[in-house]
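A quick write-up on the structure given underneath.
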Amino acid sequence: MNRLFVVCFGMIFLCLQQFAQAQESFRLGGSIQQPEICISRGGPLLPGEGLFLMIGKESASLPVQCRFETGGQGLCFTPVYPLAQGAHFLLHVGGYADTILSMPELRTPSAGRSSIGAVYPLSDTIPENILFFHVAFTQRMTEDREAWKKVAVRDANGNLIPRTWRQRSFWLDSGRLLVLMIHPGRVKSGIHYTGPVFTEGHRYEICVDSSLTDISGNYLSASFRKIYYAGAEQRQVLLYAANLQQLRRETRDTLVLQFSQGLDHAAAVTNIMVTNDQNASIPVVITQPADREIRLLPVDRWPEGELSLVLGADIYDYTGNRLNRSFEVSDSKDMLQDKNIHVLRAHIK
């Protein structure tokens, strides 16, 4: 009888002990984004325990990578990397009540935030078969591949035009230039994705949401809107002219390129260069003051001798027309010409 009483008492004590432990809270310390989480229990965490990123209402299958320390206070663990701002994490350890850790969104005063410096095309009239838009920021941004979700196209009545963008964003200039591409199926003839985005004679608005963040996690200083009017489609091969032969040695004369159509801004800053007679690149600053004009200003001075203006294979206008073929051409022989590089030479005296 006494032995039965001892066994029953022991089981009751164990249950009460576990119940008390289940009410125990985690001890939190450290910084906001790298909290130190401590529990009384010693030893390593068991499989399925740890800190888990919340994805909607579910937790990730693998825990956040942490550093572990054991001591007189029990087991403490800290995330190896700072936790993402605005994210939510589940803290799950056996014997402890599940706890949700929500990371705050840290912001700086608006004077320190990034803003939008320009949206290309610069003109307020665009061809109805336009393929590319570009957003230039004043500071480096988080290179989010889903940034396209935060740029909307609306018609004259304010209605959102769905499925506008190719579902991937591209970033250039160390995160300062966002490249947005209209879904090709809404531009190229014969694909019949869901029909064209723009119609000649109609008005549209590009809306960039302020929730885009810079590399410090700060929102834009303000949202941005720009009105465009759709004009006739543009399917001609791209042409250009330059004042290369008018440059003078030992000067900082501006090299000006004029194009027959508005030149894609990203193509301009990544596919135009000037080389000397040793085939070495000459440092230049490239600007686009107008859609059809590109300016190159030497960092130092133009050297004497032969200069070569080199236009790479990926030069095209806002509708995808190149120097060798229009966007509509799909013949494989013509498409091979895309690999040709255009070179214009002049002897500078």
Exercise for review: Identify whether the distance between the nearest side-chain nitrogen and carboxylate oxygen of D314 and R322 falls below 4.0 Å.
Suggested key: yes
Return the [atom1] to [atom2] distance between [X] and [Y], rounded to the nearest 0.5 Å.
{"X": "L244", "Y": "L307", "atom1": "CG", "atom2": "CG", "answer": "6.0 Å"}
{"X": "S260", "Y": "D317", "atom1": "OG", "atom2": "CG", "answer": "7.5 Å"}
{"X": "F68", "Y": "L45", "atom1": "CZ", "atom2": "CG", "answer": "4.5 Å"}
{"X": "L309", "Y": "R345", "atom1": "CG", "atom2": "CZ", "answer": "10.5 Å"}
{"X": "F137", "Y": "L220", "atom1": "CZ", "atom2": "CG", "answer": "5.5 Å"}
{"X": "H202", "Y": "E128", "atom1": "NE2", "atom2": "CD", "answer": "9.5 Å"}

Does [X] reach the side chain of [Y], with side-chain heavy atoms less than 4.5 Å apart?
{"X": "P63", "Y": "F89", "result": "no"}
{"X": "N271", "Y": "L311", "result": "no"}
{"X": "L238", "Y": "Y240", "result": "no"}
{"X": "L101", "Y": "L28", "result": "yes"}
{"X": "I37", "Y": "T78", "result": "no"}
{"X": "H183", "Y": "R163", "result": "no"}

Checking [X] side chain against [Y] main chain: does a donor-acceptor pair fall under 3.5 Å?
{"X": "T138", "Y": "S114", "answer": "no"}
{"X": "Y228", "Y": "P121", "answer": "yes"}
{"X": "R140", "Y": "I215", "answer": "no"}
{"X": "S308", "Y": "T275", "answer": "no"}
{"X": "K226", "Y": "D124", "answer": "no"}
{"X": "D173", "Y": "R176", "answer": "no"}
{"X": "D155", "Y": "N157", "answer": "yes"}
{"X": "D98", "Y": "H92", "answer": "no"}
{"X": "S216", "Y": "N218", "answer": "no"}

Exercise for review: Assess whether ring pair (Phe, Tyr, Trp, His ring centres under 6.0 Å) is satisfied between F132 and Y316, documenting all intermediate values.
Suggested key: CA-CA 10 Å; F132 293 101; Y316 43 79; 5.3 Å; yes
Do you know which two heavy atoms are closest between [X] and [Y], and how far apart they sit?
{"X": "D277", "Y": "E304", "answer": "OD2-O, 4.3 Å"}
{"X": "E143", "Y": "G175", "answer": "OE2-N, 3.4 Å"}
{"X": "A147", "Y": "W171", "answer": "CB-CZ2, 3.8 Å"}
{"X": "P79", "Y": "P35", "answer": "CD-O, 3.1 Å"}
{"X": "A266", "Y": "L172", "answer": "CB-CD1, 3.4 Å"}
{"X": "P127", "Y": "T319", "answer": "CG-CG2, 3.4 Å"}

Practice item. For E58, check side-chain hydrogen bond (donor to acceptor under 3.5 Å, both in side chains) against everything at least two apart and list the hits. Key: none
Is there a path of hydrophobic side-chain contacts, each under 4.5 Å between heavy atoms of I/L/V/M/F/W/Y residues, joining [Y] to [X]?
{"X": "V284", "Y": "L255", "value": "yes"}
{"X": "L239", "Y": "L263", "value": "no"}
{"X": "L247", "Y": "I286", "value": "yes"}
{"X": "L91", "Y": "F52", "value": "no"}
{"X": "Y204", "Y": "Y120", "value": "yes"}

Check your understanding: Can you list every pair that meets side chain to side chain donor-acceptor pair (under 3.5 Å) and has a residue in residues 247-258, with sequence neighbours left out?
Key -> R248-D253, T251-D253, Q258-E293
[X] atom [atom1]: more than 12 heavy-atom contacts under 6.0 Å:
{"X": "Q34", "atom1": "CD", "result": "yes"}
{"X": "Q245", "atom1": "CD", "result": "no"}
{"X": "R145", "atom1": "CZ", "result": "no"}
{"X": "R166", "atom1": "CZ", "result": "no"}

Point to revise | Stepwise side-chain contact (heavy atoms from CB on, under 4.5 Å) check, L131 with M181 | key: CA-CA 6 Å; L131 191 59; M181 184 179 186; 4.1 Å; yes
Exercise for review: Taking atom types as modelled, find out whether S221 and S115 have a side-chain donor-acceptor pair closer than 3.5 angstrom.
Suggested key: no
Practice item. Take N321 and V237, measure what side-chain contact (heavy atoms from CB on, under 4.5 Å) needs, and give me the verdict at the end. Key: CA-CA 6 Å; N321 300 310; V237 171; over 6 Å; no
Review point. Is there any disulfide (SG to SG under 2.5 Å) pair reaching into residues 58-104, and which pairs are they, with sequence neighbours excluded?
Key: C38-C76
Review point. How far apart are the C-alpha atoms of W165 and V153, what are their side-chain angles, what is the distance that settles it, and do they pass the side-chain contact (heavy atoms from CB on, under 4.5 Å) test?
Key: CA-CA 9 Å; W165 308 113; V153 179; 3.6 Å; yes
Review point. Parallel, tilted or perpendicular: which fits the ring planes of F198 and F133, with parallel below 30° and perpendicular above 60°?
Key: tilted
Exercise for review: Specify whether Y318 and H134 have parallel, tilted or perpendicular ring planes, treating 30° as the upper limit for parallel and 60° as the lower limit for perpendicular.
Suggested key: tilted
Practice item. Apply side-chain contact (heavy atoms from CB on, under 4.5 Å) to L297 and T287, showing your working. Key: CA-CA 8 Å; L297 184 68; T287 58; over 6 Å; no
Practice item. Could you identify which residues cluster with I227, counting Ile, Leu, Val, Met, Phe, Trp and Tyr as linked when any side-chain heavy atoms lie under 4.5 Å apart, either directly or through a chain of such contacts? Key: Y229
Exercise for review: Kindly give the cluster partners of V285, where membership spreads through any ILVMFWY side chain lying under 4.5 Å from a current member.
Suggested key: V299
Exercise for review: Give every residue pair that meets the salt bridge (charged side-chain N to carboxylate O under 4.0 Å, His left out) criterion with at least one member in residues 199-209, sequence neighbours excluded.
Suggested key: E205-R225
